[in-house]
There are 2 protein chains.
Amino acid sequence: MTLSHLKKICREKSLRMTAQRRVIIRVLSESHDHPAVEEVYQRIKNIDPKISLATLYRTLRLFQEAHILKRHEFGDGISRYENASVKHHHHLIDKCTGEIIEFHDDQLEALQQEIAKKLGYELVGHRLELYGVPFGKDKKKK
Amino acid sequence: MTLSHLKKICREKSLRMTAQRRVIIRVLSESHDHPAVEEVYQRIKNIDPKISLATLYRTLRLFQEAHILKRHEFGDGISRYENASVKHHHHLIDKCTGEIIEFHDDQLEALQQEIAKKLGYELVGHRLELYGVPFGKDKKKK
DNA sequence: TTATGTGCAAATACTTTGCCTTTAC
DNA sequence: GTAAAGGCAAAGTATTTGCACATAA
């Protein structure tokens with residue numbers, strides 16, 4: 001998820017390299033967290049306050065369709081975005097702080113494949129989220 | 001998820017047993033699929049056409065808070081509801097037909113516990129969805 | 001030049017809320 | 001009788017869209 005990704009997408013789909021798209025890709029590439037639309041919007045406005053929310057939505061959708069951006073929805077119902085070029089992983093959400101921890105586990109991936117196969121399906125996607133509390137803290141949710 | 005669940009909740013939280021709540025719990029208990037709000041609404045209206053959508057939403061929320069109903073969001077962005085009293089399981093969504101297959105796997109559950117523990121967390125919840133296509137069919141999503 | 005992209009405001013889809021009326025207990 | 005629950009319509013959210021203007025190629 002860099003400027004060159006954008007150039008590639010524009011070439012492939014004959015889209016235009018606009019100032020707005022450049023700003024948005026820059027903000028996303030510098031975001032190593034999982035920002036919600038509103039957060040991305042704020043970061044964008046710091047660079048160019050004239051970009052509209054509609055353009056942001058259109059661009060986020062564009063990037064999702066180009067598979068350079070992933071959308072998540074963790075429990076709270078709001079969409080969060082993440083650079084899709086990072087290695088495949090899942091998320092553990094800390095119910096105390098809201099912190100999002102990324103993890104990957106080969107055994108888990110293999111097991112999922114196996115389960116799907118057993119059910120007669122070929123896996124084309126999957127989503128896993130764990131919700132936890134740090135050891136020793138109250139185990140009540142929220 | 002039966003009438004007696006409702007009675008129990010009402011006793012515990014000093015809520016009232018209304019005709020609307022009885023109809024809603026009846027519909028939900030007879031629904032062994034994963035209906036969206038709109039679908040539940042239609043089923044309810046077949047029994048009592050005067051129940052309002054607002055009441056349905058309020059009641060669904062009530063039941064979720066009482067942990068007798070679970071809300072899911074599978075990829076398509078719409079909320080679907082499921083009786084929470086059935087045995088713990090996950091879902092495999094058939095991308096060709098939209099069909100939802102339920103499954104459970106002890107090894108998977110154990111592995112998730114283990115992963116959380118390794119990260120320093122006690123697991124308080126988790127969500128897993130697999131998206132697949134039947135063997136031999138086109139593997140393109142949607 | 002001209003089709004594509006943008007900004008704005010309005011529209012949409014889903015869900016919640018305010019307020020007045022009805023009802024369970 | 002009284003507080004909780006319901007119905008209705010209005011208000012919220014989050015996101016998309018129509019349209020006139022701006023702009024990249």
Side-chain angles (χ1 to χ4, degrees), chain A residues 3-4 6-28 34-45 47-66 69-82, chain B residues 3 6-28 34-45 47-66 69-81:
Chain A
L3 235 180
S4 62
L6 180 56
K7 284 179 189 163
K8 188 162 160 265
I9 294 167
C10 290
R11 221 179 305 120
E12 287 171 1
K13 308 197 175 186
S14 40
L15 304 176
R16 292 176 184 178
M17 282 284 286
T18 64
Q20 290 87 336
R21 288 179 180 163
R22 244 170 299 193
V23 169
I24 294 171
I25 204 120
R26 177 177 148 200
V27 164
L28 291 172
H34 304 74
V37 177
E38 211 48 51
E39 285 159 14
V40 178
Y41 190 45
Q42 291 314 317
R43 293 175 195 180
I44 281 164
K45 298 207 96 158
I47 301 176
D48 180 353
K50 288 191 299 299
I51 297 182
S52 77
L53 192 52
T55 296
L56 176 56
Y57 272 107
R58 282 188 275 236
T59 308
L60 289 176
R61 179 199 275 223
L62 184 72
F63 290 171
Q64 282 173 77
E65 285 168 357
L69 192 63
K70 270 187 195 162
R71 175 164 55 193
H72 297 287
E73 269 178 57
F74 304 130
D76 57 5
I78 67 169
S79 296
R80 298 173 169 279
Y81 290 84
E82 175 184 36
Chain B
L3 234 180
L6 179 56
K7 283 180 189 163
K8 188 161 161 269
I9 295 167
C10 290
R11 219 180 306 121
E12 285 171 2
K13 306 198 176 183
S14 40
L15 303 177
R16 293 175 183 177
M17 281 284 285
T18 64
Q20 291 87 336
R21 286 180 180 162
R22 244 169 300 192
V23 169
I24 294 171
I25 204 120
R26 175 176 150 200
V27 163
L28 291 172
H34 304 75
V37 177
E38 210 50 49
E39 286 158 13
V40 178
Y41 190 46
Q42 291 314 316
R43 293 175 195 181
I44 282 164
K45 298 207 95 158
I47 301 177
D48 180 354
K50 288 191 298 298
I51 297 182
S52 77
L53 193 52
T55 296
L56 176 57
Y57 273 108
R58 281 188 274 236
T59 307
L60 288 175
R61 183 199 273 221
L62 184 71
F63 290 170
Q64 282 172 77
E65 284 166 0
L69 192 63
K70 270 187 193 162
R71 176 164 54 194
H72 297 287
E73 271 178 55
F74 305 129
D76 58 6
I78 68 168
S79 296
R80 299 174 168 279
Y81 291 84

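Residue numbers begin at 1 in each chain, while the letters A, B, ... track the order of the sequences.
How far CG of A/L6 is from NZ of A/K8: 11.5 Å, rounded to the nearest 0.5 Å. If you take CZ on A/R43 and CD on A/E38, they are separated by 12.0 Å, rounding to the nearest 0.5 Å. To the nearest 0.5 Å, the span separating CD on A/E73 from CD on B/E73 amounts to 5.0 Å.
For A/K45, the side-chain contact (heavy atoms from CB on, under 4.5 Å) partners are A/Y41, not counting sequence neighbours. For A/K7, there are no side-chain hydrogen bond (donor to acceptor under 3.5 Å, both in side chains) partners two or more places apart in sequence or in a different chain. Taking the salt bridge (charged side-chain N to carboxylate O under 4.0 Å, His left out) definition, one finds that B/K70 meets it with nothing, sequence neighbours left out.
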Would you be so kind as to tabulate the donor-acceptor pairs closer than 3.5 Å made by side chains of residues 14-27 of chain A, with sequence neighbours excluded?
residue : atom : partner : partner atom : Å
A/T18   : OG1  : A/R21   : N            : 3.2
A/R21   : NH1  : A/R16   : O            : 2.9
A/R22   : NH2  : A/M17   : O            : 3.1

Indicate every side-chain donor-acceptor pair of residues 49-61 of chain A with a distance under 3.5 Å to a residue at least two apart or in another chain.
residue : atom : partner : partner atom : Å
A/S52   : OG   : A/T55   : N            : 3.2
A/S52   : OG   : A/T55   : OG1          : 3.2
A/T59   : OG1  : A/T55   : O            : 2.7

What pairs of nitrogen or oxygen atoms, one from the protein and one from nucleotides 12-16 of chain D, lie under 3.5 Å apart?
residue : atom : partner : partner atom : Å
D/dT15  : OP1  : A/S79   : OG           : 2.9
D/dT15  : OP2  : A/Y57   : OH           : 2.4
D/dT15  : O5'  : A/Y57   : OH           : 3.3
D/dT16  : OP1  : A/R61   : NH2          : 3.2

Which pairs, protein N/O on one side and nucleotides 22-25 of chain D N/O on the other, fall under 3.5 Å?
residue : atom : partner : partner atom : Å
D/dA24  : N3   : A/R16   : NH1          : 3.3
D/dA25  : OP1  : A/M17   : N            : 3.1

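A nucleotide of DNA chain C counts as in contact with chain B when one of its atoms lies under 4.0 Å from a heavy atom; the first and last such, 5' to 3', are C/dC14 to C/dC25.
The shortest distance between side-chain heavy atoms of B/R80 and B/I78 falls below 4.5 Å.
Between the two ends of the helix from C/dT1-D/dA25 to C/dC25-D/dG1, each summarised by a five-pair axis, the helix axis turns through 30° (rounded to 10 degrees).
The closest donor-acceptor contact from the side chain of B/E39 to the backbone of B/A36 lies under 3.5 Å.
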